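Read the structure below first, then the notes.
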Amino acid sequence: MTQDILRLEGLRKVHGDAATGVVALSDVSLTLPSGTFTAVMGPSGSGKSTLLQCAAGLDSPTAGRVFVAGREMTGDETELTVFRREHIGFVFQQFNLLPSLTVLDNVTLPLRLAGKRPDEARARDILTKVGLGDRIGHRPPALSGGQQQRTAIARALVTEPSVVFADEPTGALDTRGAREVLNLLQQAVRVYGRTVVMVTHDPVAAAYADSVVFLADGAIVGRMADPTPDAVAERLTRLGDDVARAGRAVSE
Ligand code: ADP
Ligand code: MG
């Protein structure tokens with residue numbers, strides 16, 4: 001049964017203190033069904049990273065509520081950490097792998113942190129699926145960018161999380177590496193039923209998703225189902241115009 005695996009209700013985030021701080025998110029509500037691949041797009045500074053950090057429980061919203069798999073992400077920090085480890089995967093632009101650990105040890109790390117027996121068979125299986133079966137003993141510095149990001153995705157998937165968040169996962173990759181990573185994220189959704197939310201500024205990358213959410217000035221200003229690179233690029237251009245117009249209206 002499809003359920004809303006991620007629910008954001010009236011999220012507001014002010015960075016810094018309430019009086020002089022920056023409003024990064026103003027009133028964001030969003031529900032995403034399980035097994036979907038969503039791209040988040042918008043101009044630089046529109047609140048994309050803040051949205052992901054709040055949704056993943058890595059940052060706390062100033063107001064509003066976040067539900068993952070039906071559970072509200074509030075409360076005791078220790079409990080939250082346990083919940084995050086089991087239910088959330090996060091993929092960073094700069095991979096964030098530990099350079100001194102092998103690929104296999106990087107991937108089993110979340111299991112060890114969760115106090116579980118590091119299931120090497122499962123980690124090997126996932127690494128084979130992401131095409132790194134012959135690289136498990138290598139250390140990250142010996143791998144290409146695309147291979148490092150695929151390792152990071154394997155690490156995010158190893159706990160079978162409810163939602164995988166990826167913030168510009170192809171931002172540090174060349175075209176080939178980006179394609180590998182996007183195919184993999186798409187496969188995680190279509191073949192393995194995971195739910196992925198990916199920030200990107202690239203219309204080609206966004207077109208790998210099932211739908212796109214457009215952010216501007218900390219608010220959701222549009223949605224698009226079945227995106228194509230051309231349709232996304234065209235919508236982004238208009239978004240720029242809309243933001244410029246809104247900015248003029250404010251300053252006039
Ligand atoms: P995006 O990822 O879309 O570029 P961000 O979420 O990083 O946007 O930032 C949204 C707004 O919040 C920007 O104005 C940014 O400068 C501000 N911001 C983000 N993080 C912080 C922070 N830690 N402290 C202060 N301001 C921040
Ligand atoms: Mg960002």
Side-chain angles (χ1 to χ4, degrees), residues 6 8-30 32 37-66 68 73 77 80 84 88-97 145 148-149 152-153 156 163-173 177-178 181-182 185 196-209 211-224 227 232-233 235-251:
L6 178 70
L8 310 178
E9 289 182 2
L11 274 198
R12 177 178 176 79
K13 177 67 183 181
V14 182
H15 290 292
D17 68 81
T20 60
V22 178
V23 180
L25 298 175
S26 54
D27 180 13
V28 171
S29 295
L30 180 68
L32 297 180
F37 186 4
T38 305
V40 178
M41 303 194 85
S44 176
S46 58
K48 303 181 298 294
S49 293
T50 303
L51 177 68
L52 245 60
Q53 298 272 329
C54 288
L58 298 173
D59 198 354
S60 50
T62 308
R65 306 168 81 183
V66 177
V68 172
M73 299 262 278
E77 188 54 43
L80 258 185
R84 259 200 318 262
I88 308 270
F90 209 100
V91 178
F92 302 88
Q93 181 172 346
Q94 298 297 339
F95 327 134
N96 291 20
L97 298 170
Q148 290 187 61
Q149 195 61 301
I153 292 169
V163 187
V164 174
F165 295 98
D167 195 349
E168 309 232 19
T170 62
L173 302 178
V181 158
L182 291 163
L185 291 171
V196 174
V197 183
M198 170 183 76
V199 167
T200 181
H201 60 262
D202 177 3
V204 173
Y208 280 75
S211 72
V212 182
V213 171
F214 295 94
L215 268 190
D217 285 336
I220 293 177
V221 293
R223 303 275 302 254
M224 182 185 288
V232 170
R235 183 75 184 83
L236 278 179
T237 313
R238 282 194 286 125
L239 201 64
D241 294 345
D242 293 348
V243 171
R245 246 193 319 277
R248 277 198 301 278
V250 167
S251 60

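All of these numbers come straight from a predicted model, not from anything done at the bench. Computed from heavy atoms alone, side chains included, the values below leave out hydrogens, waters and symmetry copies. Counting starts at 1 for both ligands and their atoms, following the listed order.
- In this structure, atom 15 (C) of ligand 1 has no protein heavy-atom contact shorter than 4.0 Å.
- The shortest non-hydrogen separation linking Val66 to Ala55 is CG1-O, 3.6 Å.
- Closest heavy-atom contact between Ser26 and Asp217: OG-O, 4.2 Å.
- The side-chain heavy atoms of Leu51 and Leu8, taken from C-beta on, include a pair separated by under 4.5 Å.
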Item to complete: Show the numbers, then the answer: is there a side chain to side chain contact (heavy atoms under 4.5 Å, CB included) between Arg84 and Leu58?
Response: CA-CA 9 Å; Arg84 259 200 318 262; Leu58 298 173; 4.1 Å; yes
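- Within ligand 1, counting atoms from 1 as listed, the ones closer than 4.0 Å to a heavy atom of Pro43 are 3 (O).
- Residue contacts with ligand 1 for Thr50 involve both N, CA, C or O and side-chain atoms from C-beta outward (heavy atoms, distance under 4.0 Å).
- Ala24 approaches His15 most closely through the heavy-atom pair CB-CD2, 3.4 Å.
- Evaluation of the salt bridge (Lys or Arg N to Asp or Glu O under 4.0 Å) rule for Lys13 yields Asp59 as partners, not counting sequence neighbours.
- Nearest heavy atoms, His201 versus Leu236: O-CD1, 4.5 Å.
- Nearest non-hydrogen protein atom to atom 7 (O) of ligand 1 is Ser49 CB, 3.8 Å.
- Using a 4.0 Å cutoff on heavy atoms, Gly16 does not count as a contact of ligand 1.
- Protein nitrogen, oxygen and sulfur atoms, that is N, O or S, within less than 2.8 Å of the Mg ion (ligand 2) amount to 1.
- Of all heavy-atom pairs spanning Leu239 and Gly42, the tightest one is CD2-CA, 4.3 Å.
- With distances taken over non-hydrogen atoms, the option nearest atom 4 (O) of ligand 1 out of Gly47, Gly45, Gly21 is Gly45.
- Close contacts of ligand 1 with Ala24, meaning ligand atoms under 4.0 Å from a residue heavy atom, involve 10 (C), 11 (C), 12 (O).
- Of all protein heavy atoms, the one lying nearest to atom 18 (N) of ligand 1 is His15 CD2, 3.3 Å.
- If you run side-chain contact (heavy atoms from CB on, under 4.5 Å) between Val164 and each of Ile88, Ile153, Val91, only Val91 comes through.
- If you number the atoms of ligand 1 from 1 as listed, the ones under 4.0 Å from a heavy atom of Ser44 come out as 4 (O).
- In terms of heavy atoms, Thr62 sits closest to Val14 at OG1-N, 2.8 Å.
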